[in-house]
There are 2 protein chains.
Amino acid sequence: MNILEKITQSKAAFSKSERKVAEVILANPQTAIHSSIATLAKMSDVSEPTVNRFCRRLDTKGYPDFKLHLAQSLANGTPYVNRHVEETDGPEEYTKKIFESTMASLEVARQSIDINVVNRVVDLLTQAQKISFFGLGASASVAHDALNKFFRFNVPVVYFEDVLMQRMSCMNCSEDDVVVLISHTGRTKSLVEIAQIARANDATVVGITSKNSPLARECNLVLSLEVPEDTDMYMPMASRIAQLTLIDILATGFTLRRGGKFRENLKRVKDTLRGSRFEKRTD
Amino acid sequence: MNILEKITQSKAAFSKSERKVAEVILANPQTAIHSSIATLAKMSDVSEPTVNRFCRRLDTKGYPDFKLHLAQSLANGTPYVNRHVEETDGPEEYTKKIFESTMASLEVARQSIDINVVNRVVDLLTQAQKISFFGLGASASVAHDALNKFFRFNVPVVYFEDVLMQRMSCMNCSEDDVVVLISHTGRTKSLVEIAQIARANDATVVGITSKNSPLARECNLVLSLEVPEDTDMYMPMASRIAQLTLIDILATGFTLRRGGKFRENLKRVKDTLRGSRFEKRTD
DNA sequence: AATAAGTTGTAAAATTACTACATTTAGTGC
DNA sequence: GCACTAAATGTAGTAATTTTACAACTTATT
């Protein structure tokens with residue numbers, strides 16, 4: 001909540017001297033944050049305690065606290081807002097908007113995540129015999145990415161694009177297998193069926209999806225991501241990014257759980273890639 | 001410039017005790033701005049003058065001035081600093097850190113993007129006869145995602161995981177084709193070769209990669225993303241997210257350029273998916 | 001006009017930040 | 001390994017800033 005607005009709004013509740021202080025601050029807030037209470041009192045032609053009382057009336061702890069609030073208000077307001085792209089936007093605008101709304105979505109996602117579930121899923125993954133990642137449409141690339149990450153960990157990891165292959169794979173599941181299903185809406189029929197098949201074969205099913213969705217109801221554990229999606233674009237954007245970040249988190253939890261020696265393995269995998277790359281020039 | 005970023009950047013220039021202060025502030029900046037220099041000194045287990053010196057090293061007038069800057073940075077929406085995950089971090093910490101460093105990377109990526117190049121790439125894509133997206137390893141899933149997006153636009157779009165298929169596809173390129181190559185490092189040999197093959201066949205090659213890399217030198221246009229990657233984890237994380245966001249931007253630019261009628265098409269594609277989904281419950 | 005409620009200022013107390021200097025630590029050459 | 005130098009850190013005292021307590025003043029009400 002912006003304190004400058006609050007000052008203008010509360011003007012009526014101020015006394016004569018307090019209003020003088022308000023005027024001076026509104027006239028030149030930048031100066032105000034760099035002044036001491038004595039300077040500001042002199043500028044407003046009131047006494048120091050009056051300035052102090054003025055601050056308290058705005059629900060701040062005192063003058064320094066007030067300056068903090070003021071500084072924050074001046075730091076050009078609300079940045080990462082989920083602003084929608086308009087028909088008339090040029091490259092500059094839509095680039096900015098997409099970056100900002102992606103960041104805003106990540107912020108929302110972060111707050112919606114249940115750490116305890118994350119922890120339990122990491123537990124499950126580290127103990128799994130086989131890990132499967134399945135997603136369809138836009139979530140397929142997320143599953144693909146998960147494959148790439150967990151493959152490096154030298155654990156049996158499975159990923160299929162093909163729905164039939166996914167089904168067959170789940171039919172062969174056993175008790176110690178974990179199946180991770182990714183879907184933004186959680187309403188894709190074939191994926192819900194896959195969850196049922198996997199469950200029927202005693203696998204543990206983890207859903208990265210929206211809570212209270214049909215898919216979520218079929219899962220043993222749900223990592224719910226409540227990310228607002230700009231439906232005007234008819235394309236999933238922010239949800240994927242949040243899902244991927246969650247994959248990063250699971251992968252990180254996995255490596256940490258497995259400990260230091262395991263990390264050395266990872267380094268070996270990375271070093272193996274070196275042969276396929278051009279050396280970095282040292283210029 | 002954001003003082004939180006400045007702290008992380010100047011970390012090398014700090015002394016041992018000053019670094020202790022930096023850690024405490026980065027770990028909980030919200031607490032820091034509400035603490036006195038004495039409290040902060042105690043929290044960091046250093047003396048008060050050390051905190052003061054720390055502030056001055058960051059080009060602030062002193063502790064109160066530092067707090068002002070800090071408050072502004074926090075208000076500015078970017079409390080997102082690329083902090084590295086530690087061996088000892090619990091689920092709560094690493095989840096927080098990964099989200100924050102992902103957001104920080106997006107912020108960096110945003111600033112490194114050249115809007116003019118974005119615009120020219122969108123131009124190219126809208127006029128292309130055929131669009132190909134190729135990436136290897138972690139970038140494969142990004143190309144996969146691009147396929148999913150551009151496929152909806154009813155343009156011929158190509159994606160292969162297989163290097164040989166990628167090569168063959170590029171051999172058959174012609175003048176009006178655009179090949180988009182995705183690689184964080186830009187030093188993957190086979191991808192550089194694919195760029196050469198595509199160029200030899202008169203296709204326009206767009207690189208989503210690091211500038212001045214071998215791949216970048218083979219491209220007609222380079223969308224450079226300078227994203228810092230946490231190399232301790234030996235896994236690409238932030239780079240992918242930035243690449244995906246860039247794909248979103250290109251896709252958005254594409255739809256905007258094609259105009260309103262085209263957007264209706266997109267809606268049709270989305271509506272077609274409805275049959276494969278459970279209806280949303282209206283409870 | 002008297003009184004009460006509210007407002008403002010003075011001066012002293014308390015908190016907070018800063019400076020000067022002493023001590024410790026780390027690094028370098030012999 | 002020792003002496004010397006430079007850098008880093010802490011101690012204690014000082015200066016500044018803010019806050020409190022209370023007195024003086026203003027305004028409104030009967």
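Worth saying up front: this structure is predicted, and the values here are computed from it rather than measured. Below, chains carry the letters A, B, ... as their sequence lines are ordered, and counting in each starts from 1. Reckoned from all heavy atoms, side chains included, excluding hydrogens, waters and symmetry mates.
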> For the residue pair A38(B) and E48(B), what are the closest heavy atoms and their distance?
Replying inline: CB-OE2, 3.5 Å
>> Looking at every heavy atom in both H184(B) and T209(B), which two are closest together, and how far apart are they?
In response: O-OG1, 3.9 Å
> If you look at every heavy atom in V206(A) and L223(A), which pair is closest and at what distance?
Replying inline: CG1-CD1, 4.3 Å
>> If we ignore hydrogens and angles and just use 3.5 Å, is the side chain of K67(A) paired with the main-chain N or O of S35(A) as donor and acceptor?
In response: yes
> Tell me: CZ of R19(A) to C1' of dG6(C), nearest whole Å?
Replying inline: 14 Å
>> Pairing donors with acceptors under 3.5 angstrom, does anything connect the side chains of S141(B) and D145(A)?
In response: yes
> Of all heavy-atom pairs between M43(A) and V24(A), which one has the smallest distance, and what is that distance?
Replying inline: O-CG2, 3.9 Å
Would you tabulate the nitrogen or oxygen pairs shorter than 3.5 Å linking the protein to nucleotides 24-27 of chain C?
| residue | atom | partner | partner atom | Å |
| --- | --- | --- | --- | --- |
| dA26(C) | OP1 | K16(B) | NZ | 3.4 |

> Which is the 5'-most and which the 3'-most nucleotide of DNA chain D that has an atom under 4.0 Å from a heavy atom of chain A?
Replying inline: dT18(D) to dT27(D)
>> Classify the ring geometry of F150(A) against F133(A): parallel below 30°, tilted from 30° to 60°, perpendicular beyond 60°.
In response: tilted
> Could you walk me through whether H34(B) and T31(B) pass the side chain to side chain contact (heavy atoms under 4.5 Å, CB included) check?
Replying inline: CA-CA 5 Å; H34(B) 292 114; T31(B) 312; over 6 Å; no
> Side chains of S36(A) and T39(A): donor-acceptor distance under 3.5 Å anywhere?
Replying inline: yes
> Taking all non-hydrogen atoms of both residues, which atom of Y63(A) and which atom of L40(A) are closest, and how far apart?
Replying inline: CE1-CD2, 3.7 Å
> Between dA17(C) atom C1' and Y63(A) atom OH, what is the distance in whole Å?
Replying inline: 16 Å
> Does anything in residues 53-61 of chain B reach DNA chain C, meaning a heavy atom under 4.0 Å, and if so which residues?
Replying inline: R56(B)
>> Short of 4.0 Å, heavy atom to strand atom, which residues of residues 34-41 of chain B count as contacting DNA chain D?
In response: none
>> Can you tell me which residue among I113(B), I182(B), V108(B), T245(B) is in a side-chain contact (heavy atoms from CB on, under 4.5 Å) with L225(B)?
In response: I113(B)
> When rounded to the nearest 0.5 angstrom, what is the spacing between CD1 in I7(B) and CZ in F14(B)?
Replying inline: 6.5 Å
> What distance separates S101(A) OG from M237(A) CE, expressed to the nearest 0.5 Å?
Replying inline: 6.0 Å
>> If the condition is side-chain hydrogen bond (donor to acceptor under 3.5 Å, both in side chains), which residues does R19(A) pass it with, not counting sequence neighbours?
In response: none
> Which residues in residues 43-50 of chain A have at least one heavy atom lying under 4.0 Å from any atom of DNA chain C?
Replying inline: V46(A), S47(A), P49(A), T50(A)
> Rounded to whole angstroms, how far apart are CG on N52(A) and P on dA13(C)?
Replying inline: 18 Å
> If every non-hydrogen atom of R110(A) is compared with every non-hydrogen atom of K96(B), which pair is closest and at what distance?
Replying inline: NH1-CG, 3.7 Å
